[in-house]
S.K.: 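Have a look at the structure that comes next, please.
In what follows, every chain begins at residue 1, and chains take the letters A, B, ... in the order their sequences are listed.
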Protein chains: 2
Amino acid sequence: MAGTEFDLEGFLPYLLNQAAETTGREFAAAYRGRYAMTRTQWRVMAHLGRFGAMTAAEICRRAMEEKTGVSRSVQALEDRGWLIRGAVAEDRRAEALSLTPSGREVYDALAAEAIRFDALLRARLGEARAAGLAEALTALVSAARD
Amino acid sequence: MAGTEFDLEGFLPYLLNQAAETTGREFAAAYRGRYAMTRTQWRVMAHLGRFGAMTAAEICRRAMEEKTGVSRSVQALEDRGWLIRGAVAEDRRAEALSLTPSGREVYDALAAEAIRFDALLRARLGEARAAGLAEALTALVSAARD
DNA sequence: GCTTGATTGTTGCCAATGCAACCGTTACAA
DNA sequence: TTGTAACGGTTGCATTGGCAACAATCAAGC
């Protein structure tokens, strides 16, 4: 056996997964139950609602999603009338995606839900620890982007 | 619009998912590539390797996995000769799962890999921030268990 | 202009996941 | 003892997700 024993409970990827899954599941009840929406669909809506019109490739880069999932989510959201595709002047391959008015209503409701849930999580941790957590997570993500 | 605008980039579940997915993917290369193993299979092995013989239900509780996934992982690991099922004296429904010698070899290799990867992540963050992160994640998980 | 390589988005296919229903066993209470 | 609920584990089925291959478009060099 090597010098150090493996400590599963302190293994960062394991802890990250556990935390992401528990909080994710808890929040998913908000959109799965009410709107029967996929995690990827919610992410697409969140990006469009938060940052305005954007192409699918741009969502992929920002949200770190597979283009397959984004493509299918866009299709589904369009079928529901929550999203429209527009042309991009400079590039005929790309599509400018944006929310319809009813899509925006859904986004607003979910964003309000998200704000509440985030506040709950931060209350559970205490504001100082929550801020440190967010900062460390951001650092992890950007460090891995190399 | 409500008093506060929704801040996607600071939304804890979003950050948690991003961090978990990037680090998870990075580490998954270690077991997917070398041993063609599923995330759930790796978790089952990790628990058995770390904590010794255990029933499937116990793994579910500790790892927060669905019993379906654990059941299929156990089957797959048994087929590969990395795991054996034993009887539990007091309960004829349950099975005591444990690693075979060759299963332990695989576990040892992966655990060493995990130790290296964890050290890399902690180096990226700095030890103080890493410790704070682990502590906050643990708190989040146990708070959600209510 | 033409060719080559990268990029945008879609589709087919297979692996992985989750839910619900199920069987056998156990615990417990009337 | 017998009936009922809970628990451990498996299986079927539908959904989700990712990879690879593809058509269309763009960009850059010759």
S.K.: In whole Å, I'd like the distance from the CD atom of B:E65 to the C1' atom of D:dT10.
M.R.: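 Rounded to the whole Å, the gap is 17 Å.
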S.K.: Where is the tightest heavy-atom contact between B:R122 and B:A131, given as atom of each residue plus distance?
M.R.: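 Heavy atoms of B:R122 and B:A131 come nearest at NH1-N, 4.4 Å.
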S.K.: Please work out if B:T68 contacts a base, only the sugar-phosphate, or nothing of the nucleic acid, heavy-atom cut-off 4.0 Å.
M.R.: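 Base: the residue B:T68, judged by heavy atoms under 4.0 Å, touches a nucleobase.
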S.K.: Roughly how far apart are A:L133 CG and B:L137 CG, rounded to 0.5 Å?
M.R.: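 Reported value, rounded in 0.5 Å steps: 5.5 Å.
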S.K.: If you round to the nearest 0.5 Å, how far is CZ of B:F27 from CD of B:E113?
M.R.: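 Result: 6.5 Å between the selected atoms.
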S.K.: How would you label the contact of A:R32 with the nucleic acid (heavy atoms, under 4.0 Å): base, sugar-phosphate, or nothing?
M.R.: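 Result for A:R32 = nothing.
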S.K.: Would you mind reading off the distance between B:M54 atom CE and D:dG8 atom P, rounded to a whole angstrom?
M.R.: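 It works out to 14 Å between those atoms.
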S.K.: Heavy-atom contacts under 4.0 Å between residues 88-100 of chain B and DNA chain D, which residues?
M.R.: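 Those residues are B:R93, B:A94, B:E95.
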S.K.: Hey, does the side chain of B:T55 come within less than 4.0 Å of D:dG8's phosphate (OP1/OP2), counting only N and O?
M.R.: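 Answer no for this pair, as no side-chain N or O of B:T55 is under 4.0 Å from OP1 or OP2.
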S.K.: Figure out the CZ/C1' separation between A:R62 and C:dT8, and round it to whole Å.
M.R.: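 In whole Å, C:dT8 C1' and A:R62 CZ are 18 Å from each other.
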S.K.: C:dG18, D:dG8, C:dT10: which one has an atom nearest the side-chain heavy atoms of A:R85?
M.R.: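 Of C:dG18, D:dG8, C:dT10, C:dT10 is nearest to the side chain of A:R85.
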S.K.: Mind calculating the distance between CD (B:Q75) and P (C:dA15) to the nearest angstrom?
M.R.: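 Rounded to the whole Å, the gap is 17 Å.
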S.K.: Compare the minimum distances between each of D:dG17, C:dC19, C:dG9 and the side chain of B:E66, then state the nucleotide with the smallest one.
M.R.: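 That would be C:dC19.
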S.K.: Are B:E21 and B:R25 within salt-bridge range, i.e. N to O under 4.0 Å?
M.R.: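 A salt bridge links B:E21 with B:R25.
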S.K.: Tell me the interatomic distance from A:E21, atom CD, to D:dG17, atom P, rounded to whole angstroms.
M.R.: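 Between P of D:dG17 and CD of A:E21: 13 Å.
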S.K.: At what distance, to the nearest 0.5 angstrom, does OG1 of A:T23 lie from CG of B:L16?
M.R.: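 Those atoms lie 4.5 Å apart.
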S.K.: To the nearest angstrom, how far is B:R61 atom CZ from D:dG9 atom C1'?
M.R.: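 To the nearest whole Å, that distance equals 13 Å.
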S.K.: Using whole Å, what does the distance between atom C1' of nucleotide C:dT17 and atom CZ of A:R39 come to?
M.R.: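 Whole-Å distance recorded here is 12 Å.
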S.K.: When you match A:S71 and B:S73 each to their closest nucleotide on DNA chain C, which lands nearer the 5' end?
M.R.: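 Nearer the 5' end of the strand: A:S71.
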S.K.: Between C:dG9, D:dG9, D:dG12, which nucleotide has the shortest distance from any of its atoms to the side chain of B:R72?
M.R.: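 Among the listed nucleotides, the one closest to the side chain of B:R72 is D:dG12.
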S.K.: Which atom pair, heavy atoms only, marks the closest approach of B:F6 to A:A114?
M.R.: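 Result for this residue pair: CE1-CB, 3.5 Å.
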S.K.: If you find the nucleotide of DNA chain D closest to A:Q41 and the one closest to B:A56, which residue's nucleotide is nearer the 5' end?
M.R.: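 Its nucleotide being nearer the 5' end, the pick is B:A56.
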S.K.: Can the positive tip of B:R43 be found less than 6.0 Å from the middle of the six-membered ring of A:Y14, inside 45° of the ring normal?
M.R.: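 No cation-pi geometry.
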S.K.: Rounding to an integer number of Å, can you tell me how far A:E78 CD sits from C:dG9 P?
M.R.: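 So the two atoms are 13 Å apart, to the nearest Å.
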